[in-house]
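What follows is one structure encoded as structure tokens, with my remarks underneath.
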Amino acid sequence: MENIDKIEEYFLTTNKGEIYAKVVGHIEKMLIEKALERSSGNQLEASRLLGINRNTLRAKIKKLNIVVGKFK
């Protein structure tokens, strides 16, 4: 139920047409940060955990303004 309330909050606080991108971006950032945490900042290992290409991971890190150094 808690997650449903969170999703409802996006509908109430986000402009029409931007909800999907905002939710996916938020979840994607948390997922990448967790993978980096579990891999002690090793991007190759994090990309393997996520099942994505290392270059894709690096592009997403840049796009989502994730500070990799804090996971080492």
Side-chain angles (χ1 to χ4, degrees):
M1 186 65 170
E2 190 175 303
N3 290 332
I4 298 297
D5 293 338
K6 248 327 190 198
I7 291 172
E8 185 64 29
E9 187 177 318
Y10 281 108
F11 279 91
L12 297 173
T13 61
T14 306
N15 293 331
K16 186 177 181 179
E18 297 175 1
I19 296 168
Y20 182 84
K22 188 170 184 179
V23 170
V24 170
H26 184 88
I27 297 299
E28 186 174 49
K29 184 172 184 174
M30 290 190 309
L31 186 63
I32 290 170
E33 287 177 338
K34 181 52 79 175
L36 287 166
E37 180 184 308
R38 290 185 64 123
S39 67
S40 300
N42 183 309
Q43 293 179 33
L44 181 58
E45 180 63 23
S47 68
R48 287 178 178 157
L49 284 170
L50 296 170
I52 62 175
N53 183 283
R54 184 189 58 168
N55 291 330
T56 300
L57 177 64
R58 287 184 177 179
K60 289 178 181 294
I61 287 170
K62 185 176 181 180
K63 176 185 169 196
L64 297 168
N65 298 313
I66 296 172
V67 179
V68 178
K70 71 180 182 181
F71 299 103
K72 293 183 178 185

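There is a path of hydrophobic side-chain contacts, each under 4.5 Å, that joins I19 to I27.
Taking each heavy atom of G41 and V68 in turn, the nearest pair found is O-CG1, 3.7 Å. Across all their heavy atoms, A46 and S39 have their closest contact at CB-OG, 3.6 Å. What you find for K22 and Y10 is that their closest heavy atoms are CG-CE2, 3.9 Å. Between L64 and G25, the shortest heavy-atom distance links the atoms CD2-O, 4.1 Å. Smallest separation of non-hydrogen atoms from L57 and I32: CD1-CG2, 3.7 Å.
For N15 (side chain) and E18 (main-chain N/O), no donor-acceptor pair under 3.5 Å exists by modelled atom type.
L36 pairs with exactly one of I61, V67, L49, L31 by the side chain to side chain contact (heavy atoms under 4.5 Å, CB included) rule, that one being I61.
Listed by first and then second residue, the salt bridge (charged side-chain N to carboxylate O under 4.0 Å, His left out) pairs involving residues 46-61 are E28-K60 (not counting sequence neighbours).
Here K6 does not pair with E9 in a salt bridge; the nearest charged N to carboxylate O distance is not below 4.0 Å.
From L12, atom CG reaches atom CD1 of I7 across 12.5 Å, with rounding to the nearest 0.5 Å.
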